[in-house]
Each structure stands twice: as C-alpha cells, then as structure tokens.
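Note: hydrogens, waters and symmetry copies are ignored here, and every other heavy atom, side chains too, is used. Numbered from 1 within each chain, the chains take letters A, B, ... in sequence-line order.
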Amino acid sequence: MLELAARSRNIFKPGQGKTPALLVLMLVALFSVTQSNFLSTGNISNVAIQSSYLIIFALAQTYVMIVRGFDLSIGSTVSLISVASSMAMSHALGLGFSPAMAISSGVITGIAIGLVVGLINGVFVAVFRLNPFIVTLATMNICLGLASSISNGFQIFNLPDGLNATFYQGSILGIPVPVVAAFVLVGLIHVVLTQMKIGRSSYILGANPQAAFVAGIPVTSYLLLAYALCSALAACGAILLTARTGSGEPNLGGNLMLESIAAAVVGGASLRGGSGSAFTPVFGAVFITILSNGMNLSRIDGYIQQMILGAIIICTAFGEYKGRGS
Amino acid sequence: MSTVPSTCILETRSIGKRFDATIALQDVDFDLKSGEVHVLFGENGAGKSTLINLMAGTFGATKGELYFNGEQIHHSTPAVARHLGISAVFQEFSLVPQLTVAENIFLGREPARYGFIDGLKIDAGARRILKALDFSIDTTRIVGDLSRAEQQMVEIAKALLIEPRVLILDEPTASLTEAETEILFRNIARLKAAGVGIIYVSHRMPEIRALADRITVLRDGRKIATVDASRVSDDELVALMVGRQMDQLFPNVPCRPGRVRLSAHNLSIAQGDVRDASITLRAGEIVGVGGLVGCGKSEFVRALFGLEPLLAGDIIIDGQTIDNPTPADMLARKVCYFPADRNAEGLALPRNIIENSSVTAISTETLSRGPFLRKASERRMVDRIIEQLTIKPRQGGERVSSLSGGNRQKVMLARGLVRPTEIFLFDEPTVGIDVGAKLDVYKTIGNLVEAGHAVLLVSSDLTELLHLSHRMIVFKGGRIVGELEGARLNENEALSLFFADGPVLKAAAE
C-alpha cells in the first residue's frame, strides 16, 4: 500500500508530469473563459476521443525516446498501415469472408506491417548503429511512397461495416473504444517499463548505452525491440484512426510525426534518453489536443497553429535543457 | 586581515567554489610571491584544478576574494586574467588540431595587416618563442599530427608568447620525456629569476623536490597547510595529503593463492596497445597491474572483459578458453569489470541507486522471474548492500547523478555483490574519490580476497599498488616488462620497470 502511494507520487515528480499537468489546467482555464462551448459535454468527449489517438502515438514515440532514439517514420507508417489494412479488409470482403474475419485480417495486416517497419528501423539503428534520424527519415519516405503507390493516391472505401461501429462508435462500460484502447496500452507499457526486465534495461541503455553493454545488458536486442514496439503501437493507433475515418487514407499520418514528438517532449520524455514514463505522453497528448481544439474553436488559422506547435516544442526542449543544466 | 606583502603578486582570501550541491573548494587562503615556484599538492578531487581555474578566470568564485598585486579583482574572466598577465597551461589543451603550430601559438592574438592575418609575422614570432624556450618543433606542422609531448610544448609556448607575471602549470610533465622535462625546468628557472610567480600542480615527489619553494596541500576542497619545501619530508607531505599515516590507509590482506581462475596467453589487441601479454590470476590473491599512462594496462584488462577487439591470444577462465568474450559472457562466468571512467562506461546517471546497482543481476533468478523483475527482493538486496558499503544517501531511489565520486564508485562495487562474482577486474578503482571512500574501497577489496576471490587491480597510483598487491605486473609500451613479488615489490624496482629504457628522472608514476 505504501509502495503504491510512493509510486503514484513518482508520477508527479518535476518533469515527470507535474509541469505538463499544470499546463493542461492552464489551457483548460484559458479556453473555458474565452470559448463558451469549450466545457460542453460534447466537446469534452470530443477532446477525450481525439486525445486517445495522440496518446497512443506519443506513447510509441516515448518508448523509443527512452532508449535515446526517436521515430520520424511514425506518421507515414500510419498512412501505410491505413492503406494496406484497408486493402486487406476490402479484399477479404470481396473473397466472401464475413465482416469480422475481414476486420481481423486488416488488424493482422496492420500489426504485421508495423512490426516489419519497426524491425527495419531497429535493425539499422541497433545492429548497424546508424543514426536514428537518418534511418527513420529514410523509412518515413519509403512508407510514404509505398502508401501512395499501392493506393495510387486514392482513398480506399468498402470497409467492413463493423469497423467504424466497433472501433470508433463502440463503447465499453460507456467509455468510447479509442479511449479504452489508449488506457489499456498505457497500462500495458507502464507494466513493461516498471515491472519487466526489458523496461528496466531500456532505461539503462537509453541513459548510457556503453554502460549498459559493460553491465551485460543485451543492448542490441532491446534497442531493436524498442523500435518494433514503437511501430506496433503506432499500428494499433493507425487501425483505430482508419476505423474513425471509415476509409484507408494515404495521408492519414500527416502531422503525426511532429505531434507525437511534441506530445512526448511536452510530457517530459528526454531526447537524451533514460527518462519518461508511460504516463508522460498522456499529459503531453491531452495538452496538444486541447490546444488545437481550443484554437479551432477560437478559429485560429491552421498554419498559425502549426507555428505555435513548433514554438512549443522548442520551448519545452529549452526548458528541459535548462532543467538538466542546473 | 593581514597586509599584503609587497612581493605578493596573486592572493586568494577564503575563496570557495560550489558546483550545484558539490563544494569543490572551501575557504582557501593562497598567496603567490613573484619569483617563487608554489606547488599545489593533493589527491585527485582535492580542489587543485578548481583553485587554478579560479585564478585563471575560467569561472568565478562562489565566495571569497581574489587579489592581483594587492588590488581586488571582482569579475575575473580568461580575458581579464590574460590582460593582467596570468597565463595558464591546463592538462586539457586549448589547441586547435587543424591549425599549424604557429597559428596555434598566436591564436586570438594574430598580428594583422590591413585586416588580414600576417602569416609571415606569425611564423617568425612562433619560431622566435620556440627557439627561446629551446623546443625544437617545426612551426608549419599541423598540431593534430604532433605527439602529446609536442602539443604540450606548443601549449607552453603559447602561454609564454607574452612573458606573463603569473604562470600556472597543471602537471606539465605528464607527457614529457626526461630531456623535454629538463628543458621545461630550465625555462621555469629562467622565468623565476625574471620575477614570474609560478603555480605548479604536481604530485610527483622528485619534481616537487627539484622545483618547489613553497607547497600548499589541499584535501577535500580545503587548504590543509602551506609549508616551506625545505622543511618538510616526503612522508610528511603524503600524510598531509591523505590525512593519515600510510599504514592506516591500506588493509593487510593475507595472500592465500588457490587454483588459477583466469589466465591470458599472448594476448594482443587490434589497436596494438597490447602485445603478447600473458598473466595468471589465482583465487585468493591480488595481482596489481602498473605502468605509465598509455602503457596498455587499462586496455589489457578491458580486453579480458571483452571491451577491446582481440587480435590474438587466449583468455582462459577456470580451464575453459573463451573465444569472443563479451561483458555478458564474462559476467556469466563470474567475472566483473569495474571501469576507470565510471560516468562514461559505468553508470546510468539519471537513473537511481537501485537500478544502477542491480543492473548486472536483473537476469538472475533472485531478481527476476521470467521477463518480470522481482522488485521486492531487488529492493531488499540493494538495501543490504547500501548498508554494507555505506553508500550515502541510503535511499535507493536517489538518482546516481546526485552522488559524490566515492559513492558512485560504491554503486559500481555493488554490481559485483548483487550476483555471484568471484573474479574482480578493477580499473583505477580509487581515481577521483575522497580518502574516506578510498578506505572503504580498499576494505571491500580486502574482504573479497579474504573470501577467496581473485582480484586484478589496474592502477596508476603506485602507492596503492605497492600496498595492496601480492604480485605486480608492469606494462610498458603495450608489453609486460616484468613481474614483481616479495622483496622486489618496492618503489625502486617498480619505477625502474616503468621507465625500462635508459636513465630516467625518478618521477613517481602518474
């Protein structure tokens, strides 16, 4: 019991959620004053559902950031998975499979593609020791090109009926499925990070890869697994997003690379590796979603929103740099 | 407050420096007279570097005052110090490897004509200063191609380009040969005669004897004493430095050699830093490995643990030949290596004491079940080790980055205790830690050997090697040049092996 209390206090250590939680509250205060419908039930549930996608992508990004990496390919992986799993589903329907079977085939295709992209990233980063910036920049372009070429640049329709109904409109105990999915994944990663050897090893190798090697940690395998896990999580998010739009979209990943990194960094993950938790991306993602929701309600131009997002990343990175320096 | 004597050129009054939570220097009164060589003496981490950096303006003091010629300097910067005529030669060079010798000597002070750097003037000036100092280095060579000794001489020439009033030398002979050292000493004598005040950081007794007028001893950031060099013995100096008599510092570990645990035959590593090295290490003994900086001793022990690529030779543990050693293999064979550079190779600084201590053992049955950690038993185990090694703070959740050097080293030691380790490879285990922590490390090593474990101790601290080793192996130029045992295990024999060729200034090992 005591340990549990100590653990929950840990979440609120400086840089581990306290600041982002405060930022979220400030934003809520600001927008609820300026926008009368900001606190309406409809908008709150809207923000919750929207946040859950970003939570999943930020969670994926946080995991690779813990091992001192990052994944620029996350957005285009999402596009590729959206297109490929949609094609699998509509093809399965065409072959006469039931909608449930078709959805399963889409999910399996999506996760498999996620794992393949993650393993490719992981092999080049972990085994060949290339810089994750270059590796994931390259796979970003490959995935983007693949997504556009296999779909000829068009959306893919004719998805199984149950997809949108289950994965977007469905709910469990009154909670929308995307929100449930986000929290299940956060819980899962929390257990991985705090209770499992892989999580512990990931922190150590992110904080100091050479020290991890000297201490006998199988650095290459865990680094590789981190990238695989990242893309697998992204695949889960991609399937949920596809269910929401109800079609396979070759540019579904659009802004996700920047947003997921922003959410992870705002939440408190460090580009220097070795820090961050499963909860930090939650705050970051909620913050960014509320920000963009509030700015939309305030009718702030989309391009200006992008500039604000960029500025926020720089500010938090600077804050983290100052924080470490003192 | 005493009046400043007329000859006193540089003085600090109760000067102090704090880095975050660490107090590097506290209440130090120091004065330098013109025309004297004032030696700063103390262990690693005693505050010598901090003090000279304060005087050279590298950073400001947190507390206290700095006077030059009796006038207080309020905000010292390197530029202010240079303007006053305070020149410093640090151990980390300030040279630009891509530029020539001449360009480096004039760096930041280039004579210009019509806004263009006057290359001819630079070259002529550089030649003049090098000739005056009796250093024979071609001024057109690229600094990156020079040996460390030559770079050291360029650095000194740079500091002396404009004759300073105060010259600070931080272990300048560390990379010089005897002949080069003699040239340096002649220059020091000339500067001294010209009234330059010289602050000389060193812990090599023979040099201190040859040069010092006065000696200030620092320990744990405080000034212990300032003494006249002519009125103090070597033993007294060392006792001042470590704060106790030598024989109290080292435990007396009985040698009960058992079976051979680890041996290496004709080991060579790819970079050529180690050639044909063979050793045997038995249970229940401490084998010391000594030699000068760069002799290959550290690379040798790293190679044993799989951290340097092997070119040839065999590593045998308990009778089994290990083909491609990796740290994970060696740990599984009950071998643990404790790196010299704890921060670069040992610790995950942003993580806590528990995680850093148990890291070598998270795959053992005690600490994990399948892929899951057993956090309760981990906590119990680390708490016990914190108690045993007196790690401070005692809270296992504390980040390692907030620990002192001594406590960081103890966290490293914990890694050998969390899993069944029987062969310990120590690489400079006491570098940069205070005397109290040293005692604890020595005690731990002693206990390990008494329990029948085998210890290989690589150290640059000759006193430590001589007092702890049962046998001592000496490296020179990547090869083992001798083994000392019994009555031959003494300073003279060791030093004559360290400097195996030709007559040598009898400097203590670095």
Side-chain angles (χ1 to χ4, degrees), chain A residues 1-7 9-11 13-16 65-68 188 190-222 225 229 268-277 320 322-326, chain B residues 19-21 302 305-307 326-333 335-339 341-352 354-364 367-376 378-379 395 397 399-401 411-412 414-416 418-419 421 425 427:
Chain A
M1 197 58 219
L2 242 167
E3 202 181 11
L4 202 81
R7 232 181 265 160
R9 233 180 301 127
N10 266 344
I11 304 168
K13 269 193 179 164
Q16 297 265 323
M65 284 173 74
I66 286 173
V67 297
R68 203 185 269 197
L188 213 67
H190 177 67
V191 170
V192 167
L193 285 175
T194 59
Q195 304 298 324
M196 294 178 71
K197 286 195 290 193
I198 176 177
R200 173 66 64 79
S201 306
S202 301
Y203 280 121
I204 301 270
L205 84 88
N208 189 342
Q210 174 68 9
F213 177 66
V214 173
I217 287 178
V219 172
T220 307
S221 334
Y222 284 134
L225 278 174
L229 192 58
S270 166
L271 283 167
R272 293 185 185 84
S275 68
S277 79
E320 195 235 333
K322 294 296 273 187
R324 284 241 180 155
S326 74
Chain B
F19 296 102
D20 299 332
R302 294 171 60 81
F305 197 64
L307 294 173
T326 65
D329 287 348
M330 297 309 266
L331 284 164
R333 291 173 195 276
V335 182
C336 191
Y337 166 73
F338 303 88
D341 191 340
R342 295 183 287 276
N343 298 344
E345 283 204 325
L347 297 165
L349 290 175
R351 308 306 301 174
N352 65 28
I354 298 179
E355 293 180 11
N356 271 287
S357 304
S358 67
V359 60
T360 51
I362 51 174
S363 288
T364 60
L367 295 192
S368 60
R369 194 184 292 116
F372 290 95
L373 297 166
R374 299 174 65 177
K375 291 180 88 173
E378 178 186 37
R379 175 112 225 179
Q395 289 75 32
R399 284 185 186 194
V400 170
S401 56
V411 171
M412 292 299 302
R415 292 185 183 176
V418 291
R419 56 178 300 132
T421 307
L425 312 175
D427 195 356

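Scanning both residues, Phe213(A) and Pro327(B), for their nearest heavy atoms gives O-CB, 3.2 Å. Closest approach of Ser275(A) and Arg351(B) over heavy atoms only: CA-NH1, 4.0 Å.
Neither the backbone nor the side chain of Arg342(B) comes within less than 4.5 Å of any heavy atom in chain A. Looking at Asp329(B), neither its backbone nor its side chain comes within 4.5 Å of chain A, counting heavy atoms on both sides. For Ser368(B), the part sitting under 4.5 Å from any heavy atom of chain A is the side chain, from C-beta outward, and nothing else. Looking at Leu347(B), only its backbone comes within 4.5 Å of chain A, counting heavy atoms on both sides. Contacts of Ile204(A) with chain B are made by both backbone and side-chain atoms, with heavy-atom separations under 4.5 Å. Contact of Ser401(B) with chain A is not made at all, since no heavy-atom distance falls under 4.5 Å. In this structure, the portion of Val191(A) lying under 4.5 Å from any heavy atom of chain B is its side chain and not its backbone.
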Stepwise side chain to side chain contact (heavy atoms under 4.5 Å, CB included) test for Lys375(B) and Arg200(A): CA-CA 11 Å; Lys375(B) 291 180 88 173; Arg200(A) 173 66 64 79; 4.1 Å; yes
Worked check of side chain to side chain contact (heavy atoms under 4.5 Å, CB included) between Met196(A) and Ile362(B): CA-CA 10 Å; Met196(A) 294 178 71; Ile362(B) 51 174; over 6 Å; no
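For chain A, the option among Ala328(B), Pro371(B), Ala348(B) with the highest count of heavy-atom pairs below 4.5 Å is Pro371(B).
Asn208(A) contributes a side-chain N or O that, together with a main-chain N or O of Ala344(B), makes up a donor-acceptor pair within less than 3.5 Å. Put simply, the side chain of Lys197(A) never gets that close to the backbone of Arg369(B): no donor and acceptor are under 3.5 Å apart.
No side-chain heavy atom of Gln195(A) sits less than 4.5 Å from a side-chain heavy atom of Arg374(B). Between Val214(A) and Arg415(B) there is no side-chain heavy-atom pair separated by less than 4.5 Å.
Of the inter-residue distances, the one linking Phe372(B) atom CZ with Ile198(A) atom CD1 reads 11.0 Å to the nearest 0.5 angstrom.
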